[in-house]
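Written below as structure tokens is the structure these notes are about.
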Amino acid sequence: MDLLCYPLMNEQQQERIKKLGSIKALGFDPFGKKFPATTAIKAIKDNYEESKIVTTAGRILAIRSHGKAAFLDLKDWTGKIQVYIKKDKVGDKLFQLYEAFDLGDIVGVKGALAKSKTGEITVFADDFTMLSKSLLPLPEKWHGLKDVDLRYRQRYLDLIVNNEVLDVFIKRTKIINYIRNFMGSKGFVEVETPMMHPVPGGATARPFITHHNTLDMDLYLRIAPELYLKRLLVGGMERVYEINRNFRNEGIDTKHNPEFTMMEVYQAYGNYEDMMEITEQLFVNLAKETFGGALKFKYGEKEIDFAPPWPRQSYMELFQKHAGCAWEDTEKVLAKAKELGLDLKGKTAEAIANDVFEKVVEPNLEGPVFLIDYPTAICPLTKAKSDKPEICERFELFINGMEMANAFTELNDPLDQRKRFEEQLARKTEGSVKLDEDFITAMEYGMPPAGGLGIGIDRLVMILTNSLSIRDVILFPTLREK
RNA sequence: GGGGGUGUAGCUCAGCUGGUAGAGCAACGGCUUUUUAAGUCGUGGGUCGGCCGUUCGAUCCGGCCCACCCUCACCA
């Protein structure tokens, strides 16, 4: 530590630096090495046996000092255990080391297990060592860290101090592992496709732009993996999925983070009905897995019921019901849009109608509910119904007003696909830079008819962990630079 | 971008009508060898988010700015 920064430090930091010195003077390394043969704290407690010798390590979260003895609370990521240090037992030198302990230090401890007077399982230490001296004071032990900005910026502190936070992220991992097993059991293969795209596609969002120096070309962080996964269908990979990040250069709120995790699934020779089945089954299984078999659970103030089968409602009918006019009735729809104060600049009638839909229908969808029968005009990658070409084979899943999944029977006619892309480009939809010629070429070689599905993993984790903000299920959400 | 809220010690928060600040935890020094939000006596710690203004005097009033939260708008 450079002594020049010494006067800049506050009182508590200076104290800790001093203690660092005394630890060295005692012959201990304040930033220790491998500490072998430790047992997880939960395992110690679960397999409690009086006077069994145990070794463990963790962070000190409380010190209750009694002069010539002390109780410590030691925490690892499985739990918390009490340690008792007595001067008579450990000797002067170790007791001096203990006196240089602060809240937040990481220490290793060895001792016999027993219960204290109040019945708490306690390690009666006969040896311990410093593994990492903490130079900054932790947030307060009782109230924890509440400032949400600090919680996201310094997630490590949030994890140390707020126990529920670790639980959420462990659950997140378990959910994703479950999904992988589930998909594997259905014969799907996980693949990885590029994050950097020469042509952004597969959705209509504004992309992030970056540049490759040696190739001297602009690249776009992907807004969706869709067009690459479909190339794999062309290549004969009949059941593929990818769980990975998408990047969209748009607004940030409690349901949107610029980088977020999606699962996309493609099943050759299937259609959107298959995707609906997979979705419902997967969500129901996950709820059972998460809530010990229960299908009803709380989300915020509301109760969500996953009991299948989930209702299916027609886009057009819902539109009629909530907007009070038919989707195709351009004049009335326009009037409604104006009434709602929507921005109509440069938008097609269909886009405006869809805006009205999102405004008047979506927030009311408590769900889980599958919206079906989307108008073909707003679905550039979706196959239309053969008997009713103005309607296409697509569904979106809504839970608590949030779009959770989006799926369709994939368009596999390259001529039609080119036409729709060109129409989209002509409308200059934001984010559509140019036509992905290679994707069309791939389709010209023949893409099997297929069902495709996208699931917002972060939002799924939100629902299953009762998290009201997407930032609570992303370890390091995007923040303004300080 | 509009509206509302918040910003005070390392953390969690008080602070009335304008007189340059308090508590708990944390820290430091005592006492304390079974406590668990340990106890107890004492001590230190602040650019009151920033700048400008009004005033004899501003944490407090006014203006501008910054950050975060909520909400609306924008954004498949």
Side-chain angles (χ1 to χ4, degrees), chain A residues 9-19 60-74 80-90 95 98-99 102-104 114-122 124 134-154 157-158 160-162 202-207 223-224 246 248-256 258 340-345 347 350-355 357-359 362-363 374 378-381 394 396 403 406 424 429-432 454 456 468-469 471 477 479-482:
Chain A
M9 296 187 298
N10 70 32
E11 172 203 18
Q12 298 201 38
Q13 290 168 270
Q14 293 183 26
E15 283 301 332
R16 284 171 184 243
I17 291 286
K18 268 193 227 160
K19 286 183 180 173
I60 300 172
L61 285 195
I63 300 175
R64 292 178 292 280
S65 143
H66 293 258
K68 295 183 180 61
F71 292 93
L72 312 183
D73 286 342
L74 205 64
K80 210 160 87 173
I81 198 165
Q82 177 167 268
V83 176
Y84 186 60
I85 291 173
K86 194 159 73 156
K87 193 173 185 182
D88 287 352
K89 190 161 185 191
V90 300
F95 203 74
Y98 148 74
E99 284 173 330
D102 280 304
L103 300 188
K115 288 191 175 161
S116 71
K117 229 177 220 172
T118 50
E120 172 138 358
I121 295 175
T122 302
F124 286 79
S134 167
L135 298 178
L136 291 169
L138 285 179
E140 200 224 17
K141 62 182 172 186
W142 188 243
H143 297 93
L145 186 63
K146 287 218 171 127
D147 184 319
V148 290
D149 189 43
L150 284 183
R151 286 187 46 224
Y152 299 143
R153 277 181 203 284
Q154 297 185 282
L157 291 181
D158 195 25
I160 292 169
V161 162
N162 299 325
T204 48
R206 267 179 300 179
I223 55 176
N246 289 346
R248 298 188 181 175
N249 203 341
E250 286 166 3
I252 298 177
D253 60 40
T254 47
K255 295 180 180 70
H256 299 85
L340 292 167
L342 296 176
D343 181 16
L344 310 175
K345 278 197 301 278
K347 286 188 176 164
E350 292 87 358
I352 291 169
N354 193 44
D355 285 351
F357 183 88
E358 286 178 7
K359 185 79 180 174
E362 288 185 4
Y374 276 70
I378 58 165
C379 313
L381 297 158
R394 172 183 181 184
E396 284 194 6
E403 181 191 339
N406 181 12
Q424 215 184 341
T429 318
E430 254 187 311
S432 44
L468 299 183
S469 167
R471 292 178 162 197
L479 300 170
R480 196 182 299 273
E481 197 178 22
K482 269 259 153 130

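Since the model is a prediction, treat every value here as computed from it, not as a measurement. Below, each value reflects all heavy atoms present in this structure, side chains not excepted, and no hydrogens, waters or symmetry copies. A note on names: the letters A, B, ... follow the listed sequences, proteins ahead of strands, and every chain is numbered from 1.
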Counterpart base for [N], defined by Watson-Crick or G-U wobble contacts under 3.5 Å:
N: B/U6; answer: B/A67
N: B/A14; answer: none
N: B/G19; answer: B/C56

Contact list (N/O, under 3.5 angstrom) for nucleotides 9-11 of chain B vs protein:
unit_1	atom_1	unit_2	atom_2	d
B/C11	O2'	A/E140	N	3.2
B/C11	O2'	A/G144	O	3.0

How far does the [atom1] atom of [N] sit from the matching atom of [M], given to the nearest Å?
N: B/U40; M: B/U35; atom1: C1'; answer: 14 Å
N: B/G1; M: B/G10; atom1: C1'; answer: 37 Å
N: B/A23; M: B/G42; atom1: P; answer: 13 Å
N: B/U33; M: B/G24; atom1: P; answer: 25 Å

Using a cutoff of under 3.5 Å, can you pull out all pairs of nitrogen or oxygen atoms linking the protein to nucleotides 31-35 of chain B, with atom names and distances?
unit_1	atom_1	unit_2	atom_2	d
B/U32	N3	A/G67	N	3.1
B/U32	O4	A/G67	N	3.1
B/U33	OP2	A/H66	O	3.3
B/U33	N3	A/D88	OD2	3.0
B/U33	O4	A/D88	OD1	2.3
B/U33	O4	A/D88	OD2	2.7
B/U34	O2'	A/K117	NZ	3.2
B/U34	O2	A/K117	N	2.4
B/U35	O4'	A/H66	NE2	3.4
B/U35	O2	A/R64	NE	2.7
B/U35	O2	A/R64	NH2	3.2
B/U35	O2	A/Q82	OE1	3.1
B/U35	N3	A/Q82	OE1	2.8
B/U35	N3	A/Q82	NE2	2.9
B/U35	O4	A/Q82	NE2	2.7
B/U35	O4	A/S116	OG	2.2
B/U35	O4	A/T118	OG1	3.4

Student check: side-chain heavy atoms of A/Y98 and A/K87 closer than 4.5 Å: no
Set of ring pair (Phe, Tyr, Trp, His ring centres under 6.0 Å) partners for A/F71, sequence neighbours left out: A/H66, A/Y84
Between A/N249 and A/K19, name the one whose nearest nucleotide on RNA chain B is closer to the 5' end. A/K19
Look only at the side chain of [X] and the backbone of [Y], and say whether a donor-acceptor pair between them is shorter than 3.5 Å.
X: A/Q14; Y: A/E11; value: no
X: A/E140; Y: A/H143; value: yes
X: A/R248; Y: A/I223; value: yes

Taking only the side-chain heavy atoms of A/R471 (C-beta and beyond), determine which of B/C70, B/C68, B/A27 contains the nearest atom. B/C68
